[in-house]
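This report concerns only the one structure given below.
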Amino acid sequence: MSRYSKIGKVIAVMSGKGGVGKSSVTALLACELARRGKKVGVLDADLTGPSIPTMFGVLGKRPETINPGILPVRTEKLGIEVISVNLMLEKPEQPVIWRGPLLSKAIQEFWEEVAWDDPDVLLLDLPPGTGDIPLTVLQAIPLDGVIIVSSPQDLAFLVVKKAVNMVYQLKKPILGLVENMSYVVCPNCGTTIRPFGREKGKEIAASLFIPFLGGLPLDAELSRHCDEGTIEEYENEGVSAIADKIAL
Ligand SMILES: Nc1ncnc2c1ncn2[C@@H]1O[C@H](COP(=O)(O)OP(=O)(O)OP(=O)(O)O)[C@@H](O)[C@H]1O
């Protein structure tokens with residue numbers, strides 16, 4: 001159990017493969033829920049490739065060690081609490097070269113030792129795939145649900161099935177599938193373009209018997225906000241529709 005906090009809902013965000021936008025979706029959902037008045041925490045469980053602190057612009061902040069526990073940092077605009085191994089490194093570019101058991105231990109320590117301010121929702125950004133950390137999280141943390149993120153390429157969908165099957169095997173509830181980079185809206189004429197072909201998320205979700213939560217656009221503005229650490233300023237109706245569906 002989390003020792004020092006009462007946590008409402010614990011939701012893990014997972015993807016079959018890397019680079020599909022799992023961290024972006026985690027951060028966007030956190031922002032949307034915070035805008036709706038929820039107290040939100042984000043645990044960056046992607047220990048070897050953490051990007052959450054950069055997106056929220058909190059890379060320079062340090063979690064405080066209190067007695068007992070570790071205080072997460074807070075984002076400027078929406079007051080989202082964030083904890084990430086990247087906030088604890090001497091230099092953020094330092095790699096975390098740990099083997100599986102150590103990674104699993106670190107996740108368990110984050111889960112137990114962080115003194116959150118009793119968030120309504122805690123989002124866990126998992127590393128891509130079905131390795132040690134997702135296994136630890138699925139086994140050791142009392143999750144209320146898992147959100148699966150994919151992108152519309154066939155290769156991404158192939159591995160989505162693995163992720164979904166892993167969650168099923170560990171008997172955790174799946175809230176649904178988000179298809180990131182689903183389409184592009186032409187900035188000149190507003191036409192929707194689907195660079196990877198038709199929207200496939202709905203079909204894939206149906207074939208896996210999980211809800212389809214919606215698609216998000218491939219948007220240069222989002223990419224810019226992620227890079228500049230200003231994701232809290234980005235709003236999109238697709239994110240809002242997903243938040244409505246998961247109804248946290
Ligand atoms: N919908 C989008 N539109 C534009 N850029 C995006 C979108 N989604 C993600 N990106 C960009 O793609 C990059 C990878 O995104 P992100 O870190 O969220 O992916 P990930 O699946 O979490 O990656 P990893 O495998 O490293 O965990 C980031 O630079 C992000 O800004």
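Order of listing sets the numbers, starting from 1, for every ligand and every atom in it. The figures here come from the full heavy-atom set of this structure, side chains too, leaving out hydrogens, waters and symmetry mates.
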Contacts of Glu76 that satisfy salt bridge (charged side-chain N to carboxylate O under 4.0 Å, His left out) - sequence neighbours left out:
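Listed in chain order: Lys61.
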As a quick check of understanding, evaluate salt bridge (Lys or Arg N to Asp or Glu O under 4.0 Å) for Arg35 and Glu232, giving each step before the final call.
CA-CA 9 Å; Arg35 275 193 289 269; Glu232 291 177 292; over 6 Å; no
Can you check side-chain hydrogen bond (donor to acceptor under 3.5 Å, both in side chains) on Ser23 and Asp125, steps first, answer last?
CA-CA 6 Å; Ser23 304; Asp125 182 26; 2.7 Å; yes
Pair listing, salt bridge (Lys or Arg N to Asp or Glu O under 4.0 Å) test, anchored in residues 171-197, at least two apart
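Salt bridge (Lys or Arg N to Asp or Glu O under 4.0 Å) check on residues 171-197 returns no pairs.
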For ligand 1, would you mind listing the residues that have at least one heavy atom less than 4.0 Å away, ordered by chain and number?
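Correct list: Gly18, Gly19, Val20, Gly21, Lys22, Ser23, Ser24, Asp46, Ser51, Met55, Pro128, Asn180, Met181, Pro217, Leu218, Asp219, Leu222, Ser223, Cys226.
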Got a sec, which residues hit side-chain hydrogen bond (donor to acceptor under 3.5 Å, both in side chains) with Asp120, two or more places apart in sequence or on another chain?
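Here no residue qualifies.
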Decide if atom CD of Glu64 counts as having more than 12 heavy atoms of other residues, nucleotides or ligands within a radius under 6.0 Å.
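No, not enclosed.
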